[in-house]
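Here is how names work: the chains are called A, B, and so on, in the same order as the sequence lines, proteins then strands, and each is numbered from 1. Since the structure is predicted, the reported quantities are computational estimates derived from the model, not experimental observations. Values reported hereafter were calculated over all heavy atoms of this structure, with side chains retained and with hydrogens, waters and symmetry mates removed.
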There are 2 protein chains.
Amino acid sequence: MQKPVTLAPLRVACSGCNLRELCMPMDLSDLDMEQLDDLTCIKHAYQRGGFLYRSGAKFQSLYAIRTGFFKTQVLHEDGREQVTGFQMAGEIIGMDAISSDAHACDAIALEDSEVCEIPFSRMEELSRKLPTLQRHLHRILSREIVRDQGIMLLLGSMRAEERLAAFLLNLSQRFAARGYSPTSFYLRMTRQEIGSYLGMKLETVSRTLSNFQGAGLITIRNKSVEIHNLQKLQRFVGPPQECV
Amino acid sequence: MQKPVTLAPLRVACSGCNLRELCMPMDLSDLDMEQLDDLTCIKHAYQRGGFLYRSGAKFQSLYAIRTGFFKTQVLHEDGREQVTGFQMAGEIIGMDAISSDAHACDAIALEDSEVCEIPFSRMEELSRKLPTLQRHLHRILSREIVRDQGIMLLLGSMRAEERLAAFLLNLSQRFAARGYSPTSFYLRMTRQEIGSYLGMKLETVSRTLSNFQGAGLITIRNKSVEIHNLQKLQRFVGPPQECV
DNA sequence: CGGGGACTTGATACTGTTCAATTTCCGTGG
DNA sequence: CCACGGAAATTGAACAGTATCAAGTCCCCG
């Protein structure tokens, strides 16, 4: 984040990168698949610390993360910032911008990353022809709403311990879904960024992680996490009296 | 909420209630307008305390609130609840359900209300023919995402005073946009519900409102609020040192 | 190998919660 | 119409959970 450098993204024609993959969960006929191929998109590379987009920038495209890790954050006028999410490979980013034709948050690479740009007007066009694609787009947008509501629940009614346990479990699930270990992974973000996301100060994040380690739930060494007992951690996400 | 009664909603054929109004902010040709009339929807009435939909219910429709006031809430397994929003006339509700074909939260009337049911499959169908409607739907979905991000900012990085000031100002704006007084209105929700929404306890809500009153910013008598100085209240939403 | 940011840990302060006691309000029934 | 009863709201006092401030360590990058 301290790097003021935002390298112009590397533009590479990317024939293999099209909406097909976006639509993997969909039931598509071969015919539909052919049409999807019409919408090949452009691959971009970003260095760690680089901005995928900035708040206020004109909205053109959604982005599918191919590799890497991003954070999104909104800035308050007074300088306070709130991390609104961490996005990893396979996730779509930029949907906040549709409503006003301008991005409502910053998206910043937490490690060297590649994204596929999906021109939104073309996607809208194509989704008028392909009901399954249309449906899929709507699901993606709605899923983001549901995700945000989950974070509201977390921020609004959980204590620091619970928030952090929920956060680790969420990462665990998402890594597992991508074929990585659900119990051993690297945190791409700083304690400060975790804290911003979870509504707590970096010191509290650090202390709480140490507590988890002290309780034998995890081993944490800098940014590498090992979860020893997913069930026990799960039990933290709940009312205190039910905890061990 | 204590009323276990959920009256079957009154079904009324409603020729005047169609997507035209939904699309007011859009630029539509007369021809498009005619097509919109195809999608007349059904009006339903709900009593105070009635459920518009429950978490888990099968998703069929979005709902446009015609009159009245709703809250949406998500329930945690352990019984904790988080109010995720308060919706008033002119707003669309139910978008969280698209992602999984089932509602992800409860929607409950805070006063006697009327809604227009918009069958979503028909809306999708029509939006394939009308790009302006399609665009509008996408904007509505995206706006919800932006709204949620704003609440994350509020919950994650504001203090109780700031949250409540932001809440009152938000209501003020929305009432003003509907032609009501921005400085004098009724709260339809309880202190508990406000607290749940803002991530604080009802006692803290009560105390903070009393403090605002003590500072001459507002007059609050039960559920009626009068804001004496919008600018001063606005100044509360910011870093403490900049406050008077 | 040096320097600066990231992280950890401790002591203290403070915001907001919890528990409890009243008071106020509002819907209901006499 | 008024009186009653329960829910909602207010207020106080003690307490708990985080934040803040501060010091020191670790780690990574150049």
Colleague: Over how many whole Å does the gap from B:Leu155 atom CG to C:dT15 atom P extend?
Modeller: 19 Å
Colleague: Taking everything shown except A:Gln192 itself, do over 12 heavy atoms lie less than 6.0 Å from its CD?
Modeller: no
Colleague: Donor-acceptor pair under 3.5 Å: do we get one between B:Arg191's side chain and the base of D:dT11?
Modeller: no
Colleague: Could you tell me which non-hydrogen atom of B:Ser196 sits nearest to which non-hydrogen atom of B:Glu81, and how far apart they are?
Modeller: OG-O, 3.3 Å
Colleague: Between atom CG of B:Leu62 and atom CD1 of B:Ile140, what is the distance when rounded to the nearest 0.5 Å?
Modeller: 8.0 Å
Colleague: What integer distance in Å separates B:Glu193:CD from D:dA7:P?
Modeller: 15 Å
Colleague: Just the rounded figure in Å: distance from P of C:dT18 to CD of B:Gln192.
Modeller: 12 Å
Colleague: Can you pull out the residues from residues 210-228 of chain B that lie within a 4.0 Å heavy-atom distance of DNA chain D?
Modeller: B:Ser210, B:Asn222, B:Lys223
Colleague: Would you indicate, yes or no, if C:dT8 has its OP1 or OP2 atom less than 4.0 angstrom from a side-chain nitrogen or oxygen of A:Ser206?
Modeller: yes
Colleague: Quick check: any donor-acceptor pair below 3.5 Å linking the side-chain of A:Arg207 to the base of C:dG10?
Modeller: yes
Colleague: Distance check needed: D:dG30 C1' versus A:Arg48 CZ, whole Å only.
Modeller: 13 Å
Colleague: What's the spacing between A:Lys71 NZ and A:Met189 CE if we round to 0.5 Å?
Modeller: 10.0 Å
Colleague: Is the distance from OP1 or OP2 of D:dA19 to the nearest side-chain N or O of A:Thr204 less than 4.0 Å?
Modeller: yes
Colleague: Which part of the nucleic acid, if any, lies within reach of A:Gly199 when heavy atoms closer than 4.0 Å are counted: base, sugar-phosphate only, or nothing?
Modeller: sugar-phosphate
Colleague: With a cut-off of under 6.0 Å to the ring centre and 45° to the axis, is B:Arg178 in cation-pi contact with B:Phe175?
Modeller: no
Colleague: Between D:dT18 atom P and B:Met200 atom CE, what is the distance in whole Å?
Modeller: 17 Å
Colleague: Between B:Phe86 and B:Phe70 (judged by ring centroids, cut-off 6.0 Å), do the two rings come close enough to count as a pair?
Modeller: no
Colleague: Take the protein atom NZ of B:Lys201 and the nucleotide atom P of C:dA20, then report the distance between them rounded to whole Å.
Modeller: 16 Å
Colleague: Let me know the distance between OH of B:Tyr186 and C1' of C:dC26, rounded to the nearest Å.
Modeller: 13 Å
Colleague: Starting at atom CD1 of B:Ile194, determine the distance to atom P of D:dA8, rounded to an integer number of angstrom.
Modeller: 13 Å
Colleague: Using modelled atom types and a 3.5 Å cut-off, is there a donor and acceptor pairing between side-chain atoms of B:Ser184 and backbone atoms of B:Glu226?
Modeller: no
Colleague: When all nucleic acid strands are considered with a 4.0 Å heavy-atom cut-off, which category describes B:Leu202: base, sugar-phosphate, or nothing?
Modeller: base
